[in-house]
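Treat the numbers as computed from the prediction; the structure is a model and nothing was measured.
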Amino acid sequence: MSGVAGVAARQLAIEAVDRIMSKGAYANIVLAPMLDRSDLDERDRGLVTELVYGTVRNRRACDWLVDRFLYDQVELPVRAALEVGAYQLVFLRQPPHAAVSSTVGAVPKKVRGLVNAVLRRVADDVADGPVDWPDLGTELSYPDWLLQLFIDEHGTDDAVASLRKMNEPPTVTVRADGYVQNEGSQLVTTAVGVSPGDRVLDVCAAPGGKATAMAATGAWVVGADRRRSRCRLVAANAADLGSDVAVVVADGTAPPFRPGGFDKVLVDAPCSGLGTLRRRADARWRVEPETADRLARLQLDLVVASLPMVRDAGEIVYSVCTVTRAETIGVADALTALEPSLEPLPVSLPWRPWGTGGLVLPHDHDTDGMAVFRWRVHR
Ligand SMILES: C[S@@+](CC[C@H](N)C(=O)[O-])C[C@H]1O[C@@H](n2cnc3c(N)ncnc32)[C@H](O)[C@@H]1O
C-alpha cells in the first residue's frame with residue numbers, strides 16, 4: 001500500500017484533521033509545523049493544505065456522506081480518514097481509484113477494510129449523480145444556527161452565496177509593501193481615509209495590518225492593543241515594513257490617552273469573525289450563538305471609551321470582520337442612542353449600505369465579510 005502515490009500526504013492530512021476536529025487544535029496553528037517537519041514536496045504540501053482546510057470546512061457534509069454507510073461508531077482517527085476520503089471524492093472530484101486507495105493506504109491495517117468499504121460506497125453514490133443532500137445546513141456544512149442567522153439577517157440568496165463563498169480556499173492578497181492582508185481589511189483602511197500628518201489612534205491594532213497601512217500614507221499612528229504579546233506583533237510587523245507606528249499596551253475600554261488628542265480614531269474591534277470563516281477553516285465549529293451578543297457589548301464599550309480621544313470635528317470609525325446585526329448595526333444604533341450628536345459620515349462603494357455604515361459580504365468582492373461605520377464628533 002505504501003507504494004500508492006500520495007499516501008504520505010493523506011496520512012499527514014488525516015492526522016491534522018484528527019487533531020483539529022477531535023483534540024480542538026487550531027487549524028492555522030497545527031498545520032504549518034506539521035508541514036515543516038514533513039519531507040513532502042511543494043505539490044504535496046499544497047494538497048495537504050487543501051485536504052485539511054477543505055475537510056474541516058466541509059466536515060458536516062463529509063460526516064453525512066460517510067455516516068449513511070457506517071453501522072457502528074468508529075474511533076476518531078478513523079472518522080478523520082473517512083472525512084478526508086469523502087472530501088476528495090465529492091468536493092475535489094478525484095478519481096475514485098486514486099482517492100480511495102491513497103486514503104486506505106494511509107490508515108492502519110486493521111481498519112483498511114472498513115475505510116475501503118465505506119469510501120467505495122460513497123464513490124458509487126457520487127457516480128450515480130449529484131448528491132441528494134438532506135438539507136441546506138448539511139450541504140453547505142455549517143451549524144444550523146449559523147445558517148439560520150445568515151438567512152434571517154441577509155435573506156436566503158445573500159446568505160447562501162456568502163456561506164458558499166466561505167467554503168472556498170481564500171484568495172491571498174499581498175500589499176505593495178509585502179504585507180499579506182485580505183482586501184476586505186484594505187477596504188476598511190481606505191474607508192478610514194487618513195491624510196498625511198493626521199494624528200491617528202488605532203485602539204485595537206494587533207497584528208498591525210491597518211496601523212501600518214495608515215502610517216504608510218504619512219499619518220502619525222499610535223497602535224494600541226490590550227495584550228502585550230499582540231503588541232509585539234504590531235511592533236514586529238511595523239519594523240519589518242519600516243513603518244513608523246508608536247505601539248502602546250492599553251485597554252481600549254480605559255484608554256490612557258489625552259482627550260481630544262487625535263484627528264481620527266479607529267476601533268477595529270474584536271468580533272465573532274463570521275466574515276472570515278473562509279480563512280479560519282475551523283472557526284464555524286467553535287463560534288457559539290451567543291458570541292456575537294457578548295462581543296457586541298465589548299465593541300460598544302470600546303467605541304464609547306474611545307470617543308473622548310477624538311478632537312472636535314474629528315472622526316471615529318468602528319469596524320468589524322463580521323456581518324451579524326448585533327455587532328455592526330446593533331452597536332452603531334446603541335452608540336448613537338447614547339451620543340446623539342455623532343454625525344454619521346457616508347461609506348461609499350464598494351460597500352453596500354448597512355444602517356448608516358457599509359457592509360461587504362464575502363461574495364460581493366471575493367473578500368472577507370466586513371462592516372464599517374464612520375461618524376464626525378461634535379463637542
Ligand atoms: C480584529 S483584531 C484587530 C486587527 C487589526 N486592527 C489589524 O488590522 O491588524 C482585534 C484586536 O483587539 C484586541 N483587543 C481585544 N480587547 C481589547 C481591549 N479591551 N482593548 C484593546 N484591544 C483589545 C485583540 O487583542 C485583537 O488584537
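Note: N167 CG to S162 OG = 11.0 Å, rounded to the nearest 0.5 Å.
Clustering ILVMFWY residues whenever any of their side-chain heavy atoms sit less than 4.5 angstrom apart, transitively, puts L187 in a cluster other than the one holding L359. The hydrophobic clustering, which links ILVMFWY residues whose side-chain heavy atoms are closer than 4.5 Å, places L302 and V247 apart. In this structure, M370 is a member of the same hydrophobic cluster as M214, with clusters built from ILVMFWY side-chain heavy atoms closer than 4.5 Å.
Q88 and T103 share a donor-acceptor pair across their side chains, judged by distance under 3.5 Å alone. A side-chain N or O of D135 and one of T138 form a donor-acceptor pair less than 3.5 Å apart. Y142 and Q148 form no side-chain donor-acceptor contact under 3.5 Å, judged by distance and modelled atom types alone. Remark: the T291 side chain and the S272 side chain contain no N/O donor-acceptor pair separated by less than 3.5 Å. Using modelled atom types, one finds a donor on one side chain and an acceptor on the other under 3.5 Å when comparing R175 with T212.
Using a cutoff of 4.0 Å between basic side-chain nitrogens and carboxylate oxygens, R199 and D263 are scored as salt-bridged. Electrostatic pairing of R352 and D364 counts as a salt bridge here, judged by a charged N lying under 4.0 Å from a carboxylate O. Using a cutoff of 4.0 Å between basic side-chain nitrogens and carboxylate oxygens, E315 and R374 are scored as salt-bridged. Looking at R278 and D366, a side-chain N of the basic residue comes within less than 4.0 Å of a carboxylate O on the acidic one, giving a salt bridge. Using a cutoff of 4.0 Å between basic side-chain nitrogens and carboxylate oxygens, R325 and D333 are not scored as salt-bridged.
Residue D128 qualifies as enclosed at atom CG: its count of foreign heavy atoms under 6.0 Å is above 12. More than 12 non-hydrogen atoms from other residues, nucleotides or ligands lie less than 6.0 angstrom from NZ of K23. E75 CD: 12 or fewer foreign heavy atoms inside a 6.0 Å radius.
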Might you work through the salt bridge (Lys or Arg N to Asp or Glu O under 4.0 Å) test for R232 and D225, ending with a clear yes or no? CA-CA 10 Å; R232 267 188 226 115; D225 206 276; over 6 Å; no

